[in-house]
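Below is one structure; the comments refer to it alone.
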Amino acid sequence: MTSTAPAPLRRDTARAPALSTGHLLLHAALILGSVAMLLPFGWMLATSLKSPPQIFTYPPSLVPNPVVWKNYLDTVQAMPFGRFYLNSLFVAVSVTTLQILTSSLAAFAFGRLRFRGREALFLVYLATLMIPFHVTMIPNFILVRFLRWFDTFYALIVPTAFSVFAVFLLRQYFRGIPVDLDEAARMDGASSFRIWAQVIMPLSGPVLAALTIFVFLGSWNDFLWPLVVSNSHATRTIPVGLATFRGQYNTDWHLLMAGSVIALLPVLLVYVVAQKRFVEGITLSGMGGR
Amino acid sequence: MTASTSTQSSVPRWQRYKPDQQWEAYLFLLPSFAGFLIFVAIPVVASLALSFFEWSLLSPPEFVGIKNYKQLLSSDLVFRKVLFNTFYFIVTIVPLQLAFGLLLAVSLNQGLRGLEFYRLIYFMPVVTTIVAAALVFQWFFNYDFGILSAAVWELGAKTGLPSPPAGLAERSRLGQTGSRDPDPVEKYRLYYGHLPGRAAGCADRTVRCRQGGRRQRLATLPLCDLSHGQPHNLLPDGHPDDRRLPALQRSLRHDTGRPGASYAYHRLLYLPAAFEFSRMGKGAAVAWVLFIFIFVFTFVQTRLQRRWVHYEAGGDS
């Protein structure tokens with residue numbers, strides 16, 4: 001699109017740059033892009049408030065008239081979205097807590113302790129980062145069945161409570177913390193565990209916050225694994241619940257869109273409120289597209 | 001990343017702490033390592049082994065050698081199509097995505113006012129559940145009533161391309177849902193009869209997918225390629241990112257696994273194999289072939305990148 005050629009980097013003097021033509025053009029393009037970004041959301045919202053005859057009029061309109069709030073009631077009555085929320089929340093909180101716990105302990109060992117085979121083991125960890133989830137999914141599914149965990153929260157939580165990526169990220173961060181702190185603590189008689197708990201972890205606030213958001217979001221939005229291992233409303237998370245809903249009400253677009261709004265709204269609200277944290281979290285962990 | 005590790009002297013690293021500290025380290029490692037072993041390392045090996053077996057979970061597994069692979073690569077037409085689609089998406093969507101991403105990043109880095117606002121909006125898709133996004137886009141691109149189709153038709157009316165047939169407006173006036181569709185092939189002729197090459201091919205694919213018994217309609221015209229290509233799922237490096245789309249498509253659009261499922265792309269295929277027809281071995285084989293496919297792609301790409309990009313000062317990351 002636009003000619004991004006001119007306009008030298010002005011980040012530092014960003015106080016109040018005069019609106020040059022280049023900037024105006026850029027604004028125009030970005031606003032256009034924003035509209036394109038928001039249009040699907042608007043279309044979703046509009047459809048969720050229309051009655052069926054309104055939905056199927058041509059040409060389609062972005063403004064529901066009259067506004068049909070009852071769609072939401074119908075949706076909630078058709079599918080236990082409240083239950084799905086609770087499930088999602090429970091799974092995401094558990095996964096996040098466990099994953100940060102196990103990963104930070106391991107990262108502490110990799111980054112701060114010396115032991116035989118450290119480098120080799122870390123290399124093995126790293127090597128598996130390359131392997132896509134779908135390679136391990138079938139054996140995991142078989143394992144879950146074997147353990148009789150199918151359609152239980154164990155299946156949803158335990159296999160995802162470990163993360164190579166989190167270990168890697170935390171280790172890199174831990175290594176940046178001066179070793180003198182450990183040594184001073186050790187002089188004072190602190191155990192390794194205590195150093196982890198009272199020196200390293202408190203000093204890792206930013207990375208832990210970022211990781212928390214990242215893991216939580218990933219777990220909340222995860223779809224494939226929960227789909228494979230959950231089989232009843234009791235364990236379905238929001239994405240799986242929504243997909244099930246789709247399966248049953250497959251041309252009732254007003255209800256489906258209302259369901260989508262219900263599924264998206266809380267996350268979007270939290271995101272708008274805590275935007276900065278989110279963006280930090282996603283960029284710090286450097287895997288935005290996940 | 002591990003460039004400046006050793007600040008130390010001649011003593012081997014692991015000897016400089018007392019043995020009991022080693023055990024401590026292993027203890028710290030234990031929870032993560034146990035999980036790693038059980039849910040990552042062993043499954044990788046198991047999946048490779050599994051791909052040489054035929055196993056329905058009900059009867060005992062039977063060793064079949066490379067039969068699964070042979071079948072996939074020689075006689076499985078769907079798999080061939082799927083491989084091609086994967087390739088197609090890698091070479092089309094990934095560069096586009098990179099180009100747009102870069103353009104956006106540069107634009108947002110000009111010290112503009114309202115940066116926060118733009119960032120808020122452009123990041124929004126990252127936090128949305130992909131299922132909801134997929135649903136919305138299906139509706140967005142809906143063949144008869146989607147807002148984008150309407151735009152395309154309007155455009156068509158102005159530029160002399162075929163406009164929606166009368167029957168459609170009729171039907172919409174009555175507010176009926178799409179249960180009484182005209183024959184898809186008929187529709188195809190109506191809509192795309194005059195369109196040249198690519199668009200027609202695209203439409204043709206849409207139609208063929210429908211003949212597969214789908215009720216769900218996909219986008220019209222060139223858009224039909226966008227409707228399923230959730231771009232961020234197409235990273236060619238096959239990192240864990242791709243856990244979302246395949247089953248999603250399986251459950252949202254029931255067109256997988258059938259001959260002529262021309263939309264299906266790679267990760268889509270192993271799922272029905274494994275979970276609908278309980279063919280664990282075949283599923284694993286599909287996963288491995290596609291993993292290798294992606295791996296090779298990434299490897300070649302990294303190699304090329306080394307030739308194109310020169311890093312100053314040794315370039316460690």
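Convention: sequence-line order gives letters A, B, ...; per-chain numbering from 1.
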Atom group of [X] that falls short of 4.5 Å from chain B, counting heavy atoms:
X        : answer
A:Leu98  : neither
A:Val270 : neither
A:Leu143 : side chain
A:Leu121 : side chain

I need the residue from [options] with the largest number of non-hydrogen atom pairs under 4.5 Å to chain B.
options                                : value
A:Val124, A:Thr128, A:Val272           : A:Thr128
A:Ser103, A:Ala161, A:Gly33            : A:Gly33
A:Trp196, A:Tyr125, A:Phe193           : A:Tyr125
A:Val240, A:Thr244, A:Val158, A:Leu101 : A:Val158
A:Phe162, A:Trp43, A:Phe41             : A:Trp43

**Fill in**
residues 104-111 of chain A vs chain B, non-hydrogen distance cutoff under 4.5 Å, contacting residues -> A:Leu105, A:Ala106, A:Phe108, A:Ala109, A:Phe110

**Message:** Between B:Ser47 and A:Val135 (side chain of the first, backbone of the second, donor and acceptor by atom type, cut-off under 3.5 Å), is there such a pair?
**Reply:** yes

**Message:** When you measure from the side chain of A:Asn221 to the backbone of B:Ile130, do you find a donor-acceptor pair of N or O atoms at a distance under 3.5 Å?
**Reply:** no

Which atom pair, heavy atoms only, marks the closest approach of [X] to [Y]?
X        : Y        : value
B:Tyr118 : A:Ser34  : CD2-OG, 3.6 Å
A:Pro40  : B:Val136 : O-CG1, 3.4 Å
B:Pro43  : A:Asn140 : CG-OD1, 4.0 Å
A:Ile138 : B:Gly283 : CD1-C, 3.5 Å

**Test ring pair (Phe, Tyr, Trp, His ring centres under 6.0 Å) applied to B:Tyr26 - qualifying residues, sequence neighbours left out** = A:Phe115, B:Trp23

**Residues which pass ring pair (Phe, Tyr, Trp, His ring centres under 6.0 Å) with B:Phe33, listed by chain and number, not counting sequence neighbours** = none

**Asked** Given the rule in the side chain to side chain contact (heavy atoms under 4.5 Å, CB included) test, do A:Trp253 and B:Gln138 qualify, once you have shown the distances and angles that lead to the verdict?
**Response** CA-CA 10 Å; A:Trp253 287 105; B:Gln138 283 183 344; 3.9 Å; yes

[Y] side chain reached by [X] side chain, heavy atoms, under 4.5 Å:
X        : Y        : answer
B:Leu135 : A:Phe245 : no
B:Phe36  : A:Val167 : no
B:Phe39  : A:Thr136 : no

**Request:** With rounding to the nearest 0.5 Å, note down the distance linking CH2 in B:Trp288 to NE2 in A:His134.
**Result:** 9.5 Å

**Prompt:** Checking B:Ile42 against chain A: side chain, backbone, both or neither under 4.5 Å from a heavy atom?
**Reply:** neither

**Item:** Proximity breakdown for B:Leu120 and chain A, heavy-atom pairs closer than 4.5 Å
**Value:** both

**Item:** Evaluation steps, side chain to side chain contact (heavy atoms under 4.5 Å, CB included), between B:Ser107 and A:Leu26
**Value:** CA-CA 7 Å; B:Ser107 323; A:Leu26 209 56; 3.9 Å; yes

Please report, to 0.1 Å, the donor-acceptor pairs under 3.5 Å made by any side chain of residues 261-268 of chain A, with sequence neighbours excluded.
none

**Pair A:Met37-B:Tyr122, side chain to side chain contact (heavy atoms under 4.5 Å, CB included): steps then yes or no** = CA-CA 7 Å; A:Met37 283 300 203; B:Tyr122 284 106; 3.5 Å; yes

**Request:** Evaluate the side chain to side chain contact (heavy atoms under 4.5 Å, CB included) criterion for residues B:Trp139 and A:His254: first the C-alpha distance (whole Å), next the side-chain angles of each, then the deciding distance (0.1 Å), finally the verdict.
**Result:** CA-CA 10 Å; B:Trp139 177 228; A:His254 54 301; over 6 Å; no

